[in-house]
Each structure stands twice: as structure tokens, then as C-alpha cells.
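One structure is given here, and the rest of the page talks about it.
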Amino acid sequence: MHRNQRRLGCGTTGRPGITRVDVLFIVIMIFGMAAIALPALLDSRRRSHPHQCQNHVKTLTTALINYSGKQNGRIPYLYDTITLDAGREVRVPWIISLLPELDNADVQRNFEADPWAYQQAVPVSIKGLQCERDPDKWMSPGALSYVANTGYIRADIYDRVAVDWQHAHSTVAIDWYGDQIIDAKDARIAAATGVFWPRQNAKDGGKGYIDPFRMSLDYISSGDGTSNTLLFAENTQAGNWHRADAMHDLAFGVPVIPGMDFPDEPLDKRSAKRLAYLPSFGKLIHARSAMPGENLEAKSGTAPRPSSRHEGTSIYGFADGSAKQISDGIDWSVYVRLLTPNGQRHGQVVPGLENY
């Protein structure tokens, strides 16, 4: 008994220690498990990116709804032009109006303190305006991943990068009836073809009628419905959130030739007499460059259509506040109807959710 106690007192427990072979085996097992788990983890993170981006778009639509509630239902202009001292003009993009609703009121104040200087400087990076999956946008100063629905754009300038803003799609530049006269009827049709419009003013080229219309959620709700009307979409070629250099930097749309041709064929059951009195959205150009997800490698500001890095899908924000991931293979006739806030009254069939 005395010997056993002495033996235990020497620090031995009777159990063998861990050998170098055991340590090596454990290390190999750890590295092996990491090698197996890492791809799964990376794949999980990759799959989570669309959901993170979808949350960003959801936040953006919510911000617009909150803004609208404070503005009697109205939504921001696609851009607004303000004149500074010395006659300098600054185009203020739609996102500036939403910054307070995105918890960036301080950024808005910095911009408004000196818009000209702010647009010339390197702006801040706002994570909520950028998609993590897009390496060219994520965490880049001033980068913007989401653009606004400007609806139907004149086909002759749709593919032009350097666009004279006043001739892009404003009501003073589109004669929807083909009679060379811009009037209130043309303005009503133009308003129904898209959601975000630039502010009209008397300096818009002297083209004639100046449209006082301001888009609102109430207008959309009483038209095709907020659940059937797009507000935002991803675009890998978007410009910067703090500048309005060109339409393609801030917006997406589809090309159209104004006139009395109808864009689709659902009106064949109506009488010719009825057709003669229906206003027209014009002849839509089924251009491949205008289809979602087309030409992902285009240069910045050259492709005003939805696109993303989500492998065949893009995230869209709707006027009801929802955000959805929709296939780039969406039916063209459904897609173009989702751009118009008041298409039904102009001969279009309003799409149902089951169609996309």
C-alpha cells in the first residue's frame, strides 16, 4: 500500500500519454474537416447573397413608401435640376430624397450643403444601396446597384449613352399620337408608361406643353395596382447614387416608338371603333439589349435594363413594398407590363402574380 501511494505520488496515473502520432492524427483530422466544411460554408454564403440583396431592395421600397407618406403620396423625381450661384446647375438623383428614410439624413445634409462640391468629391459608400454579390459595387465609394423604373423610353435614344435629358422620355419630347403636337393627352399617356420622371420646367427646350403631373402611389394604386408595378431593379451597370449624369446611370426601361401601334395583341376582341378611341402606348421594340440579364459585361452607364450577379435572376422592388427575385427569362410581355403603372386603361392586360 505504501509503495502504491509512493508510485502515484511520483506523478503517474497509470494511463498512457498522447503521442506525437496522436497529435499528428488530430491535426490531419482538423484540416480534413475544414476542407470539407469550407466549400459548404462558402456555398451557403453565396446562396445568402440574393437574400441580403433582396433585403436591401425591400428596405429601399419601404423607404419610398415612408417618404411618400410624408409627401401626400408623391414619390421622388427621377432627378430634379437646381440652379446654384453663378448659374451652375446640379441634377439631383432620386436617391437623395430617400436618404433620411435609409438612416442617412446626415449624408443628405452634407449633399445639400454644397451639391456641386459633393458631386465632384469622392462620396461615401452606402451599403444599403449596393449588392454584396457585385464585386464592382460592394463597398465602393458612391456605387449604386439599384435603379428606378422609368418605363418606356424613346427607341431612337434608348441605346445612346450621352443622352440629352430633356429629350429622353419627358412628356414635352414624346408625341404619342403622331400628330407632331405635344399636349395634355400625350402627357397623360406618358405618365402611364413609367414611374420615375424628371421634373418638368419651362426650360425644357420650349417643346410645347409642360406637364405638371407628379407620380404618386395613389395613382399607381388606382391604376394597375401597387403589386403589379415595379419601382426598382438591380443593374450591374448603374452609375453613382450622388450624380445624375445620364438616364442609364439611374434608371431602367424599354424602347418604344410613339404612335398608334399597340404593343401587344390582347385587343382583338374589341371593335375597331373602340380601338380608334383608345390612346396608345406606342410600338414596343423587343430589343435584346433591353431584356433582363442581357450583356452583363457592358460598360457602366450603357445598359438600362435589370441585371445582377445572381445567376439568371435579378431582384425587383414593387410599389406595394415587396421585393422579389425574378428569373431573367421572364416573359417579355409580362415584364413590359410590370413597368407601366396605368397600362390597363391604355389597352394592356394587367399581369397576375402567377405569370412570373
How long is the gap from CE on Met291 to OG on Ser307, to the nearest 0.5 Å? 13.5 Å
Say you draw a straight line from OG of Ser145 to NZ of Lys127; how long is it, rounded to the nearest 0.5 Å? 13.0 Å
Determine, for Tyr335 and Arg305, whether the Lys NZ or Arg CZ falls below 6.0 Å from the six-membered ring centre while staying within 45 degrees of the axis. no
Sidechain-backbone polar pair: Asp224 side chain, Gly343 backbone, donor-acceptor under 3.5 Å: yes
Does CG belonging to Asp218 count more than 12 external heavy atoms closer than 6.0 Å? yes
Arg88, CZ atom: more than 12 neighbouring heavy atoms under 6.0 Å: yes
Do Phe196 and Tyr79 make the cut of ring centroids closer than 6.0 angstrom? no
Does Lys137 use its side chain to pair, donor to acceptor, with the backbone of Ala238 at less than 3.5 Å? yes
Here the pair of heavy atoms bringing Leu98 nearest to Pro76 is CD2-CG, 3.9 Å
Those residues at least two apart in sequence (or on a different chain) that pass side chain to side chain donor-acceptor pair (under 3.5 Å) with Ser308 are none
Pair Phe111 + Tyr118: ring centers closer than 6.0 Å: yes
N/O donor-acceptor pair under 3.5 Å between Arg337 side chain and Gln348 backbone: no
Pair listing, side-chain hydrogen bond (donor to acceptor under 3.5 Å, both in side chains) test, anchored in residues 62-74, at least two apart: Lys70-Glu101
